[in-house]
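The shown structure was predicted, so the numbers you read here are calculated from the model rather than taken from an experiment. What's counted below: heavy atoms across the whole structure, side chains too, no hydrogens, waters or symmetry copies. A, B, ... follow the sequence lines: proteins, then strands. Residue 1 opens every chain.
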Amino acid sequence: MNGEKTKEAGESKVPVSFIEQIIIDDLREGKNNGRIHTRFPPEPNGYLHIGHAKAICLDFGMAEKYGGRCNLRFDDTNPVKEEVEYIDSIKEDIHWLGFDWDNREYYASDYFGKLFDFAVDLIKKGLAYVDDQPSDIIAEQKGTPTQAGTESPFIRRSVQENLDLFYRMNEGEFEEGSRVLRARIDMSSPNMHMRDPIIYRIIKTPHHRTGNSWNVYPMYDFAHGQCDYFEGITHSLCTLEFEIHRPLYDWFIDQLMTSAYRPRQIEFNRLNLTYTVMSKRRLLELVRDGKVKGWDDPRMPTLCGLRRRGYTPESVRKFIDLIGYTKVEAINDVSLLEHAVREDLNLKAPRVFGVLDPLRVVITNYPADKVEEMEIINNPEDESMGSRMVPFSKEIYIERDDFMENPPHKFFRLAPGSEVRLKGAYIIRCESFKKNPESGIIEEVYCTYDPETKSGKHLSAKKVKGTLHWVSAQHAIDAEVRLYDRLFSHEDPSGQKDRDYREFLNPDSLKVLKNCKLEPSLGSARPYDKFQFQRLGYFCTDPDSTPARPVFNRTVSLRDTWARMVSKKQE
RNA sequence: UGCUCCGUGGUGUAAUUGGCAACACGUCUGACUCUGGAUCAGAAAAGUCCAGGUUCGAGCCCUGGCGGAGCAACCA
């Protein structure tokens, strides 16, 4: 019965966000002639981070899903903060995520002429005036959220004088800060943004696209809605902090519109992630102060950082999908992001052997000059990925913590007298070991192997609890492996009153291992190639890698129940 | 002492025009395994911020509280 009901509904019951619901309703009602047109409007003043990915997935995703279009529009109204170098990286990151804007690449600066004309128009209507006061006086007259503002003494300037002054502002006659153009709305509005907002200011810094053509530049509020209007945007999706700007957004379009069409601004919650910071200002500080190695440091929440860390675009999109869009300001757990990348890489990443902290094991009854090629499955999740040959010989490396002289209860790995399977090879038994009498460090472990237990031989009835990864000592390649931990030790580093977020920087967020031993097939890995180092985690070849010196980044570890058990016991 | 928005398991999101609060992550348990980490199965966990009201019935509607966030850049 229930099945019937669902069937009749026609669509699966996948919940949609409130924004998607609005779009569905608009489409059904035939609003905007059944068009959906969105835009993604980054300011080219920094690199995109995962918070932008959330907006990108919505803007492009909704358009894609409902047969519409999404424009890429650079919000370049402030030449002081913006640079061309960011534009290319932004485009690259959007493409990396798997979205495209065709030929619809626009700039707010494309509309400077139209915006200027519109400002002139407002002046002529008596709805804008030039104010000669300095910024601190203007701010003072704005009042406070609980107290009405007072009118500027320049509010009653004649249209002629305003026009004359505004043109001369643009001609470069006046200094920066000496005059602004303000919209005349309501100095006693309960909404601060409606108290005669500044719409044009004088800036003499050359613009990265328009050069010295302009000396006045529109403010965000005077550009955004109008650009949406010019481009025929139907749904202008932005984050919650712009909610309070919406009346202003609508007010300007009211003055401009000549038909029933008008874009609609809808706000959603911005992405916050635990153990990191997301504001461009702070990310920039981390880069400038050398707290990280650059915008693409694998610890950064930037898209280029995540990419270098080994995240796939699919995993980022999956995560975005998981958290959804609401109006609740929340902080999302990074572990969900990590889950998303594990799930994706589990299907895609070939399994390989890599020993991060090598301990030499000598198989005493194995011929010294013998080398066997062991066939190892590349990915048990995907047969089509085939198998490869891995050399096995008398001396191998295993992970140092896979051996314990005095193992605790339920330790399934190697210990004196115990047996383990070497994945894809033989079962070995630990007979003895060599320990440095001074340091107490185990230097070598001596084992015997059972030739009857070779992998693939089904006659091997012997069962052991533990299976270890290994690398043949004479064939191993040396590599550097970089392990990453959370950049901050606090869940919400920038949300602590009276504490600077930098106080919470995790000093151990990067650990570099220089003496790792990897199976020889990894010698041909190329930057951004992804692997699962069996039993350890997912790793990605770093662009610093050279054939002589491979470098790998750990994207994320595998879930480790043993480690959890151990750490619990310690508590 | 203004305006706007928000308040559902540990976390994040759901719940058609009001109809016995669902899904995912995480946690715990078990099975299986040549990855202790894959995979599979199961369980615990909220009665929806509080108090009233409307209703046969409210997380959804109304009223009043409480709590949180945002708003006073010539930033976006």
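Pair assignment for B:rU33: none, as no Watson-Crick or G-U wobble contacts are both less than 3.5 Å. For B:rC61, the paired base is B:rG53 (Watson-Crick or G-U wobble, both distances below 3.5 Å). Across all strands shown, B:rU11 forms a Watson-Crick or G-U wobble pair, both distances under 3.5 Å, with B:rA24.
With both ends at atom P, the span from B:rC62 to B:rA44 equals 36 Å, rounded to whole Å.
Side-chain contact between A:Thr555 and A:Phe539: absent, with no pair of heavy atoms (C-beta onward) separated by less than 4.5 Å. The shortest side-chain heavy-atom distance between A:Tyr538 and A:Leu558 falls under the 4.5 Å cut-off.
Relative to the side chain of A:Thr326, the nucleotides B:rC5, B:rU13, B:rC74 differ in distance, and B:rU13 lies closest. When distances run from any side-chain atom of A:Pro190 to the nucleotides B:rA76, B:rG2, B:rA73, the shortest one goes to B:rG2. Comparing B:rC25, B:rG12, B:rC3 by their closest approach to the side chain of A:Ile244 singles out B:rC3. Taking only side-chain atoms of A:Gln534, from C-beta outward, the nucleotide of B:rU35, B:rA76, B:rC74 with the closest atom is B:rU35.
Shown are A:His193, A:Met194, A:Gln265; of these, the side chain to side chain contact (heavy atoms under 4.5 Å, CB included) with A:Pro247 is made only by A:Met194. In summary, of the residues considered (A:Trp214, A:Tyr111, A:Tyr217), a ring pair (Phe, Tyr, Trp, His ring centres under 6.0 Å) with A:Phe116 occurs for A:Trp214 alone. A:Val471 pairs in a side chain to side chain contact (heavy atoms under 4.5 Å, CB included) with only one of the listed residues (A:Val390, A:Val355, A:Val352), which is A:Val355.
In B:rG47 the O4'-C1'-N dihedral to the base is within 90° of 0, which defines a syn nucleotide.
Atom CD in A:Glu338 sits about 15 Å away from atom C1' in B:rG12, given to the nearest Å. Separating the CD atom of A:Glu241 from the C1' atom of B:rG70 is a distance of 9 Å, rounded to the nearest angstrom.
Counted within 6.0 Å of NZ on A:Lys204, heavy atoms from surrounding residues, nucleotides or ligands total more than 12; the atom is thus considered enclosed.
Using a 4.0 Å heavy-atom distance criterion, A:Ile331 is classed as a sugar-phosphate-only contact.
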Each nucleotide N or O in nucleotides 46-49 of chain B that has a protein N or O under 3.5 Å away: list the pair and distance.
none

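A:Asn332 has no side-chain polar atom (N or O) that falls below the 4.0 Å cut-off from OP1 or OP2 of B:rC25.
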